[in-house]
Every structure is written in C-alpha cells, then in structure tokens.
Peer 1: 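Attaching a single structure in structure tokens format; questions to follow.
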Amino acid sequence: MSLAAVASFEARYQELRARSLRTSVAYAGLFGLALLASAWVGEFNLVKVAQGLPRIHEYILKTLPVLTWSNLWGDLAEWFYGLPKWLMLLWETVLIAYTATLLGTLGALALCFHASQNLARGRASYWIARRSLEVARTIPDLVYALVFVFAFGIGPLAGILAIAIHSMGGNGKLFAEAVENIDMKPVDGLRAAGANWVQMIRYAVLPQVLPNFTSFTLWRFEINVRTASIIGFVGAGGIGQEFYTAIRMLYYEDISALILILVTTVVIIDIACEKLRHKLIGKEGLA
Amino acid sequence: MNTRSVGLDPGAIARARLIGPGAFEAPLRQRLMLWLVTGGVGAFTAYCLVLFEVSPLRLWQGLDKLVDVLGHMFPPTAKDSGWDYAYAMLQTVAMAFLGTVIASILAIPLGIACAKNLVPNWVVRFVFRRSNDVLRGVDQMIWALIFVRAVGLGPLAGILAIIISDTGTLAKLYSEAIENADKRPVEGVRACGGNALQTIRFGILPQVLPIMLSNALYIFESNTRSATILGIVGAGGIGFYLADRIRTMLWEEASFIVLMILATVYAIDWASRRVRSRLIGTTESTPALH
C-alpha cells in the first residue's frame with residue numbers, strides 16, 4: 001500500500017469520526033435542552049429538593065412506630081390495632097382484583113380474535129375491535145373509576161368495572177398478538193373440514209394460545225391487585241380509602257402498618273402466581 | 001394406513017371407540033376436574049358479586065347514567081382554559097421525562113448491587129433486592145400521596161414518586177440484563193488485568209447498554225401514562241384538571257382532556273419507537289412489562 005493511500009484513508013477516517021462526534025454532541029445538546037426545559041416546566045430544582053429531603057426523612061421517621069423490647073407485643077398490638085378491619089379491606093381488595101381480572105379477560109377473549117390480523121372476520125370488525133381495545137387500555141383506570149363512581153355510586157362496583165375495562169384493553173392486545181403468532185396449519189385443516197369460525201377458534205386456535213393466555217391473565221391479576229389497592233383514592237372500594245384517610249389525616253403509624261401489609265400481600269401474590277405459571281406451562285414456555 | 005376399517009358406518013365407529021376411547025373424549029377424571037374447576041370459579045365469582053352487592057338493577061341504573069354522561073361529553077370543548085390544559089399536559093410529559101432520566105441513572109448502581117455475577121456476596125444482594133421490592137411493591141400513587149404530604153402540592157411530589165417507584169423497577173430489569181450478559185468478555189478483561197470498574201465498563205456495559213436504554217424508553221412511555229393520573233392526588237400535571245372537571249360534572253371539558261391524553265400518549269409511543277429503532281435497531285418493546 002502506498003503512503004498516499006494510507007494518508008487519504010487516515011483523512012477520511014478522521015473526517016468520519018469528527019462527523020459522528022458532531023452528531024453525538026448535537027443529540028446530547030438536544031437531550032440536555034429537553035432536560036432543562038422539563039426541569040423548568042416541572043418546577044424541579046435542586047434547592048427545592050434539598051429543602052424537601054429533610055422533610056421526607058422526618059416524615060418517614062414519624063411513620064415508624066415506637067417498639068420497645070420490654071413491651072414488644074403490646075407495642076405491636078398498638079401498631080396494628082386496626083388489623084381485623086384492614087384484613088377485611090385487604091380481602092375486598094383482592095376480590096376486586098379477581099373479579100375485574102375475570103371480567104376483563106372475558107372481554108379480551110371476546111375481542112382478541114376479531115382484533116388479530118389472521119383471523120379477523122372483516123375490515124370493519126377488525127378496526128372496531130382494535131380501536132376499542134386501544135382506548136380501553138390508554139385511558140388510565142383511575143379516570144374510568146372517577147366516572148364510574150359518579151355513575152354507579154361510591155363502592156367496589158365502580159372499581160371492578162374500571163379495572164375490568166383497563167384489563168380488557170391490556171390483555172386484548174397481548175391476546176391478539178399471541179393469536180397472530182400461531183401456526184395457521186390447524187386452522188386451514190379445520191376450515192377444509194368445513195368448520196365454522198367459532199369451531200375453528202375452539203379446536204385450532206385455542207389449544208395453541210391457551211398457555212400464553214393463562215400466563216398473561218395471571219400476570220394481569222398481579223397488576224390488578226396493585227391497582228385495586230389505590231382505586232379507593234377516588235372512592236371505588238378496597239383498602240385505598242383507608243390509605244387515603246391515613247395519609248390525609250396524618251395517622252402516621254397507620255401508614256407504615258398499611259404499607260407493610262400491602263407489600264407483604266403483593267409479594268405473596270406475585271410469588272404464588274409465578275409458581276402457578278411455572279406449574280401450568282413449564283419453565284421453558286414462559287412468555 | 002388401513003382406511004377401510006374406520007369408515008363412516010356406525011359399527012366401525014363403535015369399534016374404533018372401543019380400541020381408542022381417548023380419541024373420542026377425555027378421561028372421566030379429567031372431565032370431572034374441568035367441571036369442578038369451572039364450578040368453583042363460578043361459585044367464587046357469584047360470592048364476590050353478592051359481597052359487592054352487584055345487582056342487575058344497579059348495573060342498569062348505572063349504565064343509564066353512564067349513557068347520559070357520554071351524551072354530555074360531546075362535543076369535547078376546552079372552553080377558555082385551553083392553554084391551561086396544554087401547559088398541564090406539557091408538565092405531565094416533563095414530569096415523566098425528568099423522573100425517568102433520574103430513575104434510570106439511580107438504578108444503575110442499584111442494579112449492579114443486585115446482580116449475581118457482579119456481587120457474589122448474597123447478604124448484600126438480599127438487602128438490595130428486598131429494598132427494591134419495597135420500592136416497586138408500593139404503587140406510584142401511594143408514593144405520590146406521601147410526597148404531596150411531605151413536600152407539598154405540585155409536580156415535585158409527582159416527579160419524586162416516579163423516581164422512587166421506577167428506580168426499583170429499572171434496577172430489577174438492569175440486574176436481570178447484567179446477569180444474562182455473556183461472561184466471556186468479562187473474563188477477557190479480567191485476564192488482561194482489568195480492575196472491577198474496568199471489567200464493568202468494558203466487559204459488561206457494551207452488552208447491556210442497549211437493553212438498559214430500551215428499558216428506560218419503555219418506562220418513559222409507561223410513565224407518560226401514569227403521570228396523567230398523579231394529579232388526581234395533587235402531584236402535578238393534567239390529572240388535577242381531569243379529576244376536577246369530572247367531579248364538578250363538566251363533561252365536555254373532561255372529554256376534551258381525555259382526548260388530549262390519548263393524543264399525547266400516542267405521540268410519545270410513536271416518538272419512543274422511532275428513538276428505539278435508531279438507537280438499538282429494533283422497534284420491539286420489552287414484552288415483560290406491558
């Protein structure tokens with residue numbers, strides 16, 4: 001190789017490097033600008049954070065109960081004085097999540113086959129199914145809850161319906177994606193044998209997607225337990241109402257007790273669902 | 001294959017049933033099991049519905065009211081608060097952006113501390129993992145409510161809530177990505193005499209950075225959605241106006257805000273897909289989170 005070739009190669013290399021550096025700097029600048037703008041619009045500055053941090057620290061300290069070795073049981077009993085009531089509310093919360101998951105999954109089952117490209121029965125029904133699932137999952141569940149509390153009154157019914165609609169949207173999308181990934185040969189076989197649309201889905205599609213559907217549904221249940229625990233903020237049932245009161249009225253020790261109960265429940269349900277999932281579909285098939 | 005013996009005449013079908021009953025229906029035990037499970041789920045659901053006092057009459061009356069509300073939602077109008085809504089929407093996105101950026105940085109050391117292949121000491125790992133669980137186990141709205149009490153009403157409480165809950169989520173995702181990393185580059189760097197920091201920088205980071213970025217973008221999308229409701233408890237953003245308009249039954253304005261949220265969420269999803277495909281070359285989001 002001649003020296004001139006090496007030199008021109010080197011020059012070209014340096015030019016490309018400089019150009020990539022310029023682009024990187026430009027994007028970094030854009031990112032920094034966006035960050036600054038966000039901080040300004042979000043009223044976020046370090047002085048405020050620095051002032052806030054000690055207050056948060058103080059707040060957390062206040063929520064912690066006074067526990068002494070000499071009177072441990074007495075102190076614990078005082079800390080968890082509301083336990084019977086809280087456990088009832090917790091049970092209600094889990095049931096809200098269960099009912100909502102069930103209803104939402106049924107809705108998703110009804111819509112997902114219409115919303116999958118390979119099985120849709122027509123352009124109109126495909127479009128309608130897709131859009132309604134999109135709207136159902138994009139509007140936050142708490143917004144549904146606010147409207148339903150107005151329509152159905154304060155109580156768990158509003159919460160159930162709100163979470164159910166949101167689950168329908170979320171699960172419907174996942175279900176439709178699973179349906180779009182199936183092997184179409186069994187479908188063709190059944191169609192050739194003269195099966196109608198419902199029979200085709202029952203015998204060719206469902207056996208293929210059922211493990212996925214089950215996994216998604218269990219996982220949705222985990223999410224819904226969390227949502228059900230806050231849906232009470234707007235009066236839609238569950239333990240959220242109690243939480244809201246405790247935080248608003250500054251019942252400090254209740255807050256830590258409720259958080260402890262809630263986190264324990266969520267972790268237990270997560271682990272149980274994970275175990276169930278593995279049992280149902282085997283470790284390898286986990287979607 | 002002998003096709004004559006299994007023709008369509010009833011005798012042949014009966015013979016086939018005798019030879020292989022499993023081909024015609026599931027065993028009795030399996031069918032019983034199915035009926036039991038179905039019955040159990042049905043009975044339990046019925047119990048729930050009774051407990052929650054769900055009756056056809058209540059549903060009917062509620063639906064009636066709901067249809068009425070939907071009728072009042074059209075046409076969606078902003079009245080004269082259009083600019084307020086637009087600014088609040090912008091604030092929502094800003095909260096999500098700032099919260100995600102800070103959380104994705106804070107999650108890096110936490111994620112490393114939870115990764116088995118980088119931190120062999122199980123006590124350290126255990127402590128960090130359980131604290132992650134607490135961060136993630138408490139819902140963002142609860143954090144928001146607590147921060148509103150601690151630092152006052154406004155977007156700062158919302159941003160802090162996003163930071164806290166997503167640091168936990170991202171740390172978990174990061175640590176999983178780190179644990180799944182190929183260990184050969186790590187061994188290579190170690191063999192060349194690299195120290196712990198250099199091992200992470202040259203052995204692990206190039207492998208996990210695309211995954212981390214993809215996760216962070218995904219969390220940003222998810223935060224844009226959840227930040228829209230933080231305002232319901234006074235933690236900044238559009239949620240404050242939405243909750244207020246619904247509670248005061250100004251349905252036309254409420255539906256305007258909902259449409260604004262929909263448009264923003266779609267726009268952010270689209271933009272995030274573009275960025276992801278530019279940075280990582282794939283448009284797929286993490287399925288494990290949606």
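Just so you know, these numbers come straight off a predicted model, no measurement behind them. Letters A, B, ... mirror the listed sequences (proteins, then strands); counts begin at 1.
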Peer 1: Starting from the C-alpha separation in whole Å, work towards a yes-or-no answer on side-chain contact (heavy atoms from CB on, under 4.5 Å) for B:Leu51 and A:Ile96.
Peer 2: CA-CA 10 Å; B:Leu51 187 78; A:Ile96 289 175; over 6 Å; no
Peer 1: Under 4.5 Å heavy-atom distance to chain B, tell me which part of A:Ile230 shows up: side chain, backbone, both or neither.
Peer 2: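 For A:Ile230, the side chain is the part near chain B, not the backbone.
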Peer 1: Given the ring of A:Phe152, does B:Lys65 sit roughly above its face, with NZ or CZ under 6.0 Å from the centre of the six-membered ring and within 45° of the axis?
Peer 2: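 Negative - B:Lys65 is either too far from the ring of A:Phe152 or too far off its axis.
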Peer 1: Do B:Leu230 and A:Leu142 have side chains that approach each other closer than 4.5 Å (heavy atoms only, starting at C-beta)?
Peer 2: no
Peer 1: Looking at A:Ala39 and B:Leu98, what are the two nearest heavy atoms and their distance?
Peer 2: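 Closest approach of A:Ala39 to B:Leu98, heavy atoms only: CA-CD2, 3.8 Å.
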Peer 1: Among A:Glu92, A:Glu58, A:Gln51, single out the residue with the greatest number of heavy-atom pairs under 4.5 Å to chain B.
Peer 2: A:Glu92
Peer 1: Let me know if B:Ile246 has heavy atoms under 4.5 Å from chain A in its side chain, its backbone, both or neither.
Peer 2: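 The answer is the side chain of B:Ile246.
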Peer 1: Could you tell me if the side chain of A:Leu102 sits less than 4.5 Å from the side chain of B:Phe44, heavy atoms only?
Peer 2: no
Peer 1: Roughly how far, to the nearest 0.5 Å, is OH of B:Tyr47 from OH of A:Tyr98?
Peer 2: 12.0 Å
Peer 1: Sorted by first residue and then second, give each ring-ring contact (aromatic ring centres under 6.0 Å, His included) pair with at least one member in residues 157-178 of chain A; sequence neighbours left out.
Peer 2: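 Matches after skipping sequence neighbours: A:Phe175-A:Phe213.
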Peer 1: Need one label for B:Thr228: side chain, backbone, both or neither, based on atoms under 4.5 Å from any heavy atom in chain A.
Peer 2: side chain
Peer 1: With a 3.5 Å distance limit and no angle check, can you tell me whether A:Glu43 reaches the backbone of B:Pro155 through a side-chain donor-acceptor pair?
Peer 2: no
Peer 1: Please, which pairs that meet ring-ring contact (aromatic ring centres under 6.0 Å, His included) have at least one residue in residues 227-256 of chain A, sequence neighbours excluded?
Peer 2: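 As it turns out, the ring-ring contact (aromatic ring centres under 6.0 Å, His included) pairs with a partner in residues 227-256 of chain A, which skip direct neighbours, are A:Tyr59-A:Tyr252, A:Phe233-A:Tyr244.
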Peer 1: For A:Val135 and B:Tyr266, work out which heavy atoms get closest and say how close.
Peer 2: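 Closest approach of A:Val135 to B:Tyr266: N-OH, 4.4 Å.
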Peer 1: Pick from A:Val149, A:Val143, A:Ile255, A:Asn45: which one has the most heavy-atom pairs with chain B under 4.5 Å?
Peer 2: A:Val143
Peer 1: Counting heavy-atom pairs closer than 4.5 Å to chain B, which one of A:Leu146, A:Thr63, A:Thr264 comes out on top?
Peer 2: A:Leu146
Peer 1: Check whether A:Val263 gets within reach of chain B through its side chain, its backbone, both or neither, counting any heavy atom under 4.5 Å.
Peer 2: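 For A:Val263, the contact with chain B is made by the side chain alone.
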Peer 1: So do A:Glu134 and B:Leu262 actually touch side chain to side chain, heavy atoms under 4.5 Å?
Peer 2: no
Peer 1: Could you tell me which portion of B:Val233 (side chain, backbone, both or neither) has an atom closer than 4.5 angstrom to a non-hydrogen atom of chain A?
Peer 2: both
Peer 1: Just by distance, do the side chain of A:Arg226 and the backbone of B:Gln140 share a donor-acceptor pair under 3.5 Å?
Peer 2: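 No.
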Peer 1: Check whether any side-chain heavy atom of B:Glu53 sits under 4.5 Å from a side-chain heavy atom of A:Leu157, and report yes or no.
Peer 2: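 No, every pair of side-chain atoms sits at 4.5 Å or beyond.
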Peer 1: At a heavy-atom separation under 4.5 Å, does B:Leu160 approach chain A through its side chain, its backbone, both, or neither?
Peer 2: side chain
Peer 1: Counting only heavy atoms closer than 4.5 Å, note whether B:Leu90 contacts chain A via side chain, backbone, both or neither.
Peer 2: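 Both backbone and side chain.
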Peer 1: So what's closer than 4.5 Å to chain B heavy atoms on A:Leu262: side chain, backbone, both or neither?
Peer 2: side chain
Peer 1: Counting only non-hydrogen atoms closer than 4.5 Å, does A:Ala34 touch chain B with its backbone (N, CA, C, O), its side chain (CB onward), both, or neither?
Peer 2: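 When you check distances to chain B, atoms from both the backbone and side chain of A:Ala34 fall under 4.5 Å.
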Peer 1: Please look at B:Ile102 and chain A and tell me whether the side chain, the backbone, both or neither of the residue comes under 4.5 angstrom of a heavy atom of that chain.
Peer 2: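 For B:Ile102, the contact with chain A is made by the side chain alone.
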Peer 1: Which atoms of A:Thr138 come close to chain B, meaning under 4.5 Å heavy atom to heavy atom: side chain ones, backbone ones, both, or neither?
Peer 2: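 Backbone plus side chain of A:Thr138, per the 4.5 Å heavy-atom cut-off to chain B.
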Peer 1: Tell me, side chain or backbone of A:Leu250 under 4.5 Å from chain B's heavy atoms, or both, or neither?
Peer 2: side chain
Peer 1: Measure distances from B:Ile232 to the heavy atoms of chain A and classify the residue's part below 4.5 Å as side chain, backbone, both or neither.
Peer 2: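 Just the side chain, heavy atoms under 4.5 Å.
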Peer 1: Hey, mind stepping through A:Phe31 and B:Phe97 against ring-ring contact (aromatic ring centres under 6.0 Å, His included) and telling me if it holds?
Peer 2: CA-CA 10 Å; A:Phe31 184 79; B:Phe97 183 66; 5.7 Å; yes
Peer 1: To the closest 0.5 Å, what do you measure between CZ (B:Arg136) and CG (A:Asp270)?
Peer 2: 7.5 Å
Peer 1: Within the structure provided, determine whether A:Val234 and B:Arg247 are in side-chain contact (heavy-atom separation under 4.5 Å).
Peer 2: yes
Peer 1: Please rank B:Val101, B:Ile261, B:Asp269 by heavy-atom pairs under 4.5 Å with chain A and give me the top one.
Peer 2: B:Val101
Peer 1: How many angstroms lie between CZ in B:Phe52 and OG1 in A:Thr99, if you round to the nearest 0.5 Å?
Peer 2: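 Here the rounded value is 5.0 Å.
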